[in-house]
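These notes are about the structure you will find just below.
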Amino acid sequence: MNLVIIGAQWGDEGKGKIVDYLAGESDIVVRYSGGANAGHTIVADGEEFALHLVPSGILYPDKTVILGSCMVIDPKALFDEIAMLEKRGVRTAGRVLISDRAHIVLPHYIALDKERDAARKQPIGTTGRGIGITFSQKAERDGIRLADLEWQAKLDELPAESRDFILSYKERLQSMSVNLTAFLMRRKGRRVLFEGAQGALLDIDSGTYPFVSSGMSGAAGAAAGGGLGPRSLDKVMGVFKAYSTRVGNGPFPTEFDPAREGEGSLCSYIRETGREYGVTTGRPRRCGYLDLVALRYACDVNSIDSLVMTHLDVYDTLTEIKACTAYDINGTHTEDFPASIPALEAARPVFKTFTGWRSPTTGINGAEALPPAAKDYIKFIEDYCRTRVGIISVGKDRAQTFVRESVWSV
Ligand code: GDP
Ligand code: IMO
Ligand code: MG
């Protein structure tokens, strides 16, 4: 079975935690998009790992993990990450493969990414990992893929500095290289997890363009980057937080507004309780209430079969919770997520208010034990999004995860 896990908001929904949890029951994990802009956190047995390029199945010694065809890979960042894992006792030899169609991030792309974003009148607030530059080189047909490491004429076209950089990693990269489609076709019937990076609203096409990343972070990207056709994907699960966060610039209709929510207090409470700081850049994440207009759009545009709700515990002490059920855009009421940036910036959220449950969920031993007010909140989300919440997470640890319906069936 081929199961896709995507972020259903603006990234950092807890994909790493959920992929790690499900990897225990799967055979292969394929990370299908993005690059070292991602930061996926896993907490297992009290130990915390932050992964950027290596798929979140690596902590299980018997799983094969693959960096997919639509990833953009900075070899230095990759081998630093592998060295970190080895140092911490995770054996990686022979278990980390890379699609021969993946593109390589060159060192000067990183400097260029930072320069270009700083020069923009409206900066995107990129992670400065050379992602956009590598994707634009790819679209220009000037990129270098893993498969090109054996194409001497192509390497000879490169400036000496770039060529030397690539050649210094050539053998190691080639030893990990795989023809992804052939590899997966030979293993038909196994359980394969396709791990997304970023989120639905950071997808180059369906996100809040131009305030997006440059890859296909949505479910369509799982087919393109996973080496299989769209009809091979059996199920799509979308991970979302009980609230919303965004790191970097761009519209965020439900972002906490001091004039509405009080001077910074709710925002800093959520940020500190949820530890809302970027894993890759350390930037404080912008925080806000759950945006159901955006979440339902993410469900629809990605064919999400089932949702995974994380960070429910962060709301444990609140007396009142809100979720946005519509936008008021210059006097017009809509539940449709707009493409226009001025419309999103003008959107005033229409909120529904829920009673808080005011009891800890972190230590409960199953979804059935959730307080009734938390169940009501979840039920409303399911009805609004017309999508069931199949997994609930109430803490960062692997153990704080409850499965409400069979994941490995369609
Ligand atoms: P990803 O990019 O989607 O993998 O998410 P990140 O790792 O960037 O950010 C999610 C953060 O929330 C990490 O610090 C996780 O350890 C943490 N986390 C994940 N699930 C939960 C949860 O249910 N509750 C709380 N409190 N933290 C969580
Ligand atoms: P994970 O996988 C959150 C954001 C950046 C910026 C925009 C473009 O951890 O959820 P880029 O460097 O990709 O060109 O930046 O996208 N961004 C993320 N935000 N989580 C991520 O990944 C992100 N990857 C990129 O902050 O706004
Ligand atoms: Mg992250």
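When a ligand or atom number is given, it counts from 1 through the structure's own listing order.
Evaluated for a salt bridge (charged side-chain N to carboxylate O under 4.0 Å, His left out) with E48, the options K17, R88, R275 yield exactly one hit, R275. Considering V90, I66, T64 in turn, V90 is the only one that fulfils the side chain to side chain contact (heavy atoms under 4.5 Å, CB included) rule with R95. The one candidate from T254, D291, T334 that meets the side-chain hydrogen bond (donor to acceptor under 3.5 Å, both in side chains) condition with Y327 is D291.
Under 4.0 angstrom from ligand 2, the non-hydrogen atoms of H40 all belong to its side chain. Contacts with ligand 2 closer than 4.0 Å are made by no heavy atom of T280, backbone or side chain. Contact annotation for F211 and ligand 2: no heavy atom of the residue comes within less than 4.0 Å of the ligand.
The shortest N or O to N or O distance between T127 and ligand 2 is below 3.5 Å. Between E13 and ligand 2, a contact under 3.5 Å exists for no N or O pair. Looking at ligand 2, you won't find any N or O of L202 less than 3.5 Å from one of its N or O atoms. By the 3.5 Å distance cut-off applied to N or O atoms, Q198 is counted among the residues near ligand 2. For ligand 2, the polar-atom distance check finds no N/O of N249 at less than 3.5 Å from any of the ligand's N/O atoms. Between G11 and ligand 2, no N or O atom pair is found at a separation short of 3.5 Å.
For the ligand labelled ligand 2, residue G199 lies outside the 4.0 Å heavy-atom shell. Ligand 2 does not have R285 within reach: every non-hydrogen atom of the residue lies 4.0 Å or more from it. Every heavy atom of D117 sits 4.0 Å or more from the atoms of ligand 2. For the ligand labelled ligand 2, residue G7 lies outside the 4.0 Å heavy-atom shell. Heavy-atom separations between R129 and ligand 2 are all 4.0 Å or longer. Heavy atoms of V279 come nearer than 4.0 angstrom to ligand 2 in no pair at all. For the ligand labelled ligand 2, residue R283 lies inside the 4.0 Å heavy-atom shell.
Residue A197: no N/O/S atom is found under 2.8 Å from the Mg ion (ligand 3).
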When you check ligand 1 against the protein, what N or O pairs turn up below 3.5 Å? List the atom names and distances, or just say none.
residue, atom, partner, partner atom, Å
ligand 1, 2 (O), D12, OD1, 3.4
ligand 1, 2 (O), G39, O, 2.8
ligand 1, 3 (O), E13, N, 3.1
ligand 1, 3 (O), G14, N, 2.8
ligand 1, 3 (O), K15, N, 2.7
ligand 1, 3 (O), K15, NZ, 2.8
ligand 1, 4 (O), K15, N, 3.3
ligand 1, 4 (O), G16, N, 2.8
ligand 1, 5 (O), G14, N, 3.3
ligand 1, 7 (O), T41, N, 2.8
ligand 1, 7 (O), T41, OG1, 2.5
ligand 1, 8 (O), D12, OD1, 2.9
ligand 1, 8 (O), G39, O, 2.8
ligand 1, 8 (O), R285, NH2, 3.2
ligand 1, 12 (O), H311, NE2, 2.8
ligand 1, 14 (O), R275, NH2, 3.3
ligand 1, 18 (N), H311, NE2, 3.4
ligand 1, 23 (O), H311, N, 2.8
ligand 1, 23 (O), S393, O, 3.1
ligand 1, 23 (O), S393, OG, 2.5
ligand 1, 23 (O), G395, N, 3.1
ligand 1, 23 (O), G395, O, 3.4
ligand 1, 24 (N), D313, OD1, 2.8
ligand 1, 24 (N), G395, N, 3.3
ligand 1, 26 (N), D313, OD2, 2.8
ligand 1, 27 (N), H311, NE2, 3.4

- Task: Begin from the C-alpha positions of E195 and S56 and carry the test side-chain hydrogen bond (donor to acceptor under 3.5 Å, both in side chains) through to its verdict.
- Result: CA-CA 8 Å; E195 172 183 2; S56 305; 2.7 Å; yes
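The side-chain hydrogen bond (donor to acceptor under 3.5 Å, both in side chains) analysis of residues 336-356, with sequence neighbours excluded, yields no pairs.
Ring geometry for Y377 against W357 counts as tilted: the plane angle lies between 30° and 60°, on a 0 to 90° scale.
In this structure, R404 does not pair ionically with E368, as no charged nitrogen and carboxylate oxygen lie closer than 4.0 Å.
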